[in-house]
Amino acid sequence: MDVVTPRARPRLCPLAKSCSGGGAFTRPQPGRGTPVGGGGGGGGCRAMVGDARPSGVRAGGCRGAVGSRTSSRALRPPLPPLSSLFVLFLAAPCAWAAGYKTCPKVKPDMLNVHLVPHTHDDVGWLKTVDQYFYGIYNNIQPAGVQYILDSVISSLLANPTRRFIYVEIAFFSRWWRQQTNATQKIVRELVRQGRLEFANGGWVMNDEATTHYGAIIDQMTLGLRFLEETFGSDGRPRVAWHIDPFGHSREQASLFAQMGFDGFFFGRLDYQDKKVRKKTLQMEQVWRASTSLKPPTADLFTSVLPNMYNPPEGLCWDMLCADKPVVEDTRSPEYNAKELVRYFLKLATDQGKLYRTKHTVMTMGSDFQYENANTWFKNLDKLIQLVNAQQQANGIRVNVLYSTPACYLWELNKANLSWSVKKDDFFPYADGPYMFWTGYFSSRPALKRYERLSYNFLQVCNQLEALAGPAANVGPYGSGDSAPLNEAMAVLQHHDAVSGTSRQHVANDYARQLSEGWRPCEVLMSNALAHLSGLKEDFAFCRKLNISICPLTQTAERFQVIVYNPLGRKVDWMVRLPVSKHVYLVRDPGGKIVPSDVVTIPSSDSQELLFSALVPAVGFSIYSVSQMPNQRPQKSWSRDLVIQNEYLRARFDPNTGLLMELENLEQNLLLPVRQAFYWYNASTGNNLSSQASGAYIFRPNQNKPLFVSHWAQTHLVKASLVQEVHQNFSAWCSQVVRLYPRQRHLELEWTVGPIPVGDGWGKEVISRFDTALATRGLFYTDSNGREILERRRNYRPTWKLNQTEPVAGNYYPVNSRIYITDGNMQLTVLTDRSQGGSSLRDGSLELMVHRRLLKDDARGVGEPLNKEGSGLWVRGRHLVLLDKKETAAARHRLQAEMEVLAPQVVLAQGGGARYRLEKAPRTQVRRRGRKRTLRTPAEGGAELRAGFPRFN
């Protein structure tokens, strides 16, 4: 076991701005009536590791100098999240050690119990964000965040020793804007004194399985910027606080470490893992969260909270709880103070034995608690006074105090201990036998795709805002704004949003927020394109291209196609647009005719126009399209079930219509592979466990999936710019397998739904690839779209697994890619959204694409995952790459990046008037020639190369 050993006792120095967090209505723990939760914590150590060079950090300590540190002032300018820009806000080393001086005094010779008053406020779950904030529909769940914050501030003022932490800035910022100047002044003083402390600091407490690292950074930036602008350095969080996410990713810890957090606290931990950690005193350790970054860059002290995020049993004094309050009047027949103190001392002593220092934490709060903060604080005041009085009277060696996670971490820093090192992650999470939380990796696939598309759209919006400057925000199309979509996307990162674990009406509201955020971004992009191109066009954004609907291209005789590339490298992008039954002429920005095709879709007899667009890095190209009179497209069919370009060849079984062979012509690799669709019948409980499959839990009724169909009806389409095999497996499952010229991957576009449930079984549908690769039980998945982790079937790296679910217990989150290899060949599958995936036998790889369930899984949602309406149909893409192992990474990384930051297509009728601002903005544009250099306040400058079309 690796150990991080302290060499010195550096003074504590948070290295960066952290984020604050919040909470949710507690989900019931199986077998108990009490809530359960999750969280995280940590610090690090200055240490001698391996080569006896200083690395790592002490718990909450100052990391050794690792490269340069950006000043905390880096938070102030609005940096544009460009595709290649990894925004990290780091403070100068040891610049904030003074912040810990507000921590309460402890007694070093006693067991110090740090009581942490907190609330966990979900940014949507059983109710929408607005319903939670205003306290609407309390018949669904009693929760009103505005009242929680009102009540907490009043209670903090009543006693100067009281403390409170808050997390979700999405709620706090809304509350803050509604306060008077006098109240804001009071809150600023409470923050300055350390009595109101922010933990985490993001807009939300994001999910860790289904989120992309870029979206995580964006939502953290939004929350941290608010804290910086509102409270300055006083509001800077020092610890990450992820108490409720359902498993924890290594990349999340790496991001937190690089952001400069001193520690990471979480609560949800696999029940078997937690049992081992308690026994071996490893509830706290250093998480080495990257294999590519040199330690201690991604090292983070991590602490597992003892009771998830809930108060100890019997000590919940919220108005939502039924525990008895402290009665210290000996004359009362309800007197319980003596018994309560005895119980608390035993509880504290037992809990202290699970940790290595003379300090332990008790989380005093839970989901949406403290709406009447006085009930909590009044009883905690009594508890502290009664227990501490025992020190003098009876020599009890327990000291109780109001505290915060940061202050607890500060005391651990002083302990000067060595800590074990963890290098893997905390997936999958199970809270009991047969209870694996791996279903949410794939729940609500339509919402997951909408979130990923919105991230792509937001990055384009942000870039054009930076490139065009003020002209993007106010222009001929009105007022443009990226903020609504930025905030909506931040909300979607919440651990009950993109995870797909909210109620249906809440999921609808998440989609509404995204939709409403798109419109002001469309105005912004229109203003920016008019400014940058010098043409005022009637721009159109076709949001339904995935189902071949775009009124402009389907009715206009001529139109413009503007393709914007958010990547930092030029791209060759195949544009595909629905059109009418005509032949079209396409010209590039220089007026040169480019090859194009109009192909007929067999299933609908509709047409789509294809042409390849060359687009510069962080720039756009404008293509012109016009109908050719008196010409009709020719249908192109073939019976030979082979599609091929210069790099790949895919063969299909003529008897079944299934993919049977993939060949890399460039590297001379041939791999027999069969791809088909299957489903697992969802368990509704059995004699082993009553656990059903639901929004969170994946539990198949049997380990072997069932074929959707053993064969597919096929149509082969071959044209100069595309070759496609259309497969129809059933009335609710079909797929198009296609190859474009110069493409090194096979594209599988699948359509699934509505999943039939008339037989009384919920179903979980997978796409599976079967090969003869000798993979030795290993497969590989990405972590939040960045680094890759090795997975081994029926195995956990740090504890011996008792596997109760051979399927669900081997599922892992796949945010962008999964692959298998025999050491020579590697088969990689890229996804267009987060999904659950696994390799359940050697040479096999599967991804869950859709699920429809008839029972709830008893984790609090209270309704089955059985959406009605458009979400019953889901369309998506898998990109399949076959490479040599040594060259595979370079290709799948670049392709995965292009999937997340795909070019954005904007359309226009054409023939617009020349446009020039009356007053030139700060952004400078050189009009002559195609190359323009733009200088923006947020960056030293960016090159935009854009072509102008010629119409004949």
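What you see below is based on every heavy atom in this structure, not just the backbone, and it leaves out hydrogens, waters and symmetry mates.
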If you look at every heavy atom in [X] and [Y], which pair is closest and at what distance?
X: Val400; Y: Val387; value: CG2-CG1, 3.4 Å
X: Trp125; Y: Gly860; value: CZ2-C, 3.6 Å
X: Asn388; Y: Val398; value: OD1-O, 4.0 Å
X: Ala257; Y: Thr297; value: CB-O, 3.7 Å
X: Val327; Y: Tyr335; value: O-CD1, 3.3 Å
X: Gln282; Y: Ser420; value: OE1-OG, 2.8 Å

Going by an N to O cut-off under 4.0 Å, is there a salt bridge joining [X] and [Y]?
X: Lys358; Y: Asp109; answer: no
X: Glu411; Y: Lys414; answer: yes
X: Arg192; Y: Glu189; answer: yes

Does the [X] side chain pair with the main chain of [Y], one donor and one acceptor, at a distance under 3.5 Å?
X: Asp270; Y: Ala430; result: yes
X: His118; Y: Gly365; result: yes
X: Lys274; Y: Pro306; result: yes
X: Asn310; Y: Ser366; result: no
X: Thr360; Y: Val113; result: no
X: Glu197; Y: Arg163; result: no
X: Gln385; Y: Asp381; result: no
X: Ser303; Y: Glu284; result: no
X: Asn112; Y: Pro108; result: no

Test Asn159 against Phe377 for side chain to side chain contact (heavy atoms under 4.5 Å, CB included), laying out the working first. CA-CA 9 Å; Asn159 182 341; Phe377 280 116; over 6 Å; no

Is the closest side-chain heavy-atom distance between [X] and [Y] below 4.5 Å?
X: Glu208; Y: Asp425; answer: no
X: Tyr343; Y: Glu313; answer: yes
X: Pro117; Y: Tyr402; answer: yes
X: Phe231; Y: Val187; answer: yes
X: Pro405; Y: Val361; answer: no
X: His359; Y: Val106; answer: yes
X: Thr119; Y: Trp376; answer: no
X: Asp150; Y: Gln179; answer: yes

Applying the ring pair (Phe, Tyr, Trp, His ring centres under 6.0 Å) criterion to Phe198, which one of Phe226, Trp241, Tyr166, Phe172 satisfies it?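 With Phe198 as partner, Phe226, Trp241, Tyr166, Phe172 yield a single ring pair (Phe, Tyr, Trp, His ring centres under 6.0 Å), made by Phe172.
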
| Going by atom types only, do Asn307 and Gln351 share a side-chain donor-acceptor pair under 3.5 Å? | no

Requested in this report: Just jot down the side chain to side chain contact (heavy atoms under 4.5 Å, CB included) partners of Pro312, sequence neighbours excluded, or say none.
Outcome: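 Result, side chain to side chain contact (heavy atoms under 4.5 Å, CB included) vs Pro312: Leu315, Leu347, Met362, Met364.
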
**Q.** CA sep, side-chain torsions, deciding dist, call: Thr230, Gln184, side chain to side chain contact (heavy atoms under 4.5 Å, CB included)
**A.** CA-CA 10 Å; Thr230 307; Gln184 290 182 352; over 6 Å; no

- Give me the ring orientation class for Phe368 and Phe171: parallel if the planes are under 30° apart, tilted from 30 to 60°, perpendicular past 60°. perpendicular

| said: Would you call the rings of Tyr100 and Trp410 parallel, tilted or perpendicular, taking 30° and 60° as the class edges? | reply: tilted

**Message:** What verdict does the side chain to side chain contact (heavy atoms under 4.5 Å, CB included) test give for Gln391 and Lys107, after you've listed the backbone C-alpha separation in whole Å, the side-chain angles of each residue and the deciding distance to 0.1 Å?
**Reply:** CA-CA 11 Å; Gln391 297 171 10; Lys107 297 192 175 182; 2.8 Å; yes

Interatomic distance, [X] atom [atom1] to [Y] atom [atom2] [nearest 0.5 angstrom]:
X: Thr375; Y: Met319; atom1: OG1; atom2: CE; answer: 7.5 Å
X: His114; Y: Asn399; atom1: NE2; atom2: CG; answer: 8.5 Å
X: Ile169; Y: Met205; atom1: CD1; atom2: CE; answer: 11.0 Å
X: Ile396; Y: Thr349; atom1: CD1; atom2: OG1; answer: 8.0 Å
X: Arg162; Y: Arg195; atom1: CZ; atom2: CZ; answer: 9.5 Å
X: Gln369; Y: Leu320; atom1: CD; atom2: CG; answer: 6.0 Å

For Lys382, is the NZ atom crowded, meaning more than 12 foreign heavy atoms sit under 6.0 Å from it? yes

Looking at Phe261 versus Phe256, is the centre-to-centre ring distance below 6.0 Å?
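Between Phe261 and Phe256, the centre distance is under 6.0 Å.
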
Quick one, Arg250 with Asp424, criterion salt bridge (charged side-chain N to carboxylate O under 4.0 Å, His left out). Give me CA distance, side-chain angles, the key distance, then yes/no. CA-CA 7 Å; Arg250 194 176 71 181; Asp424 58 316; over 6 Å; no

| said: Using side chain to side chain contact (heavy atoms under 4.5 Å, CB included), reason through Thr798 and Phe426 one step at a time and then give a plain yes or no. | reply: CA-CA 10 Å; Thr798 57; Phe426 290 95; over 6 Å; no

- Item | Arg277 NZ/CZ over Trp799 ring centroid, <6.0 Å and within 45° of normal | no

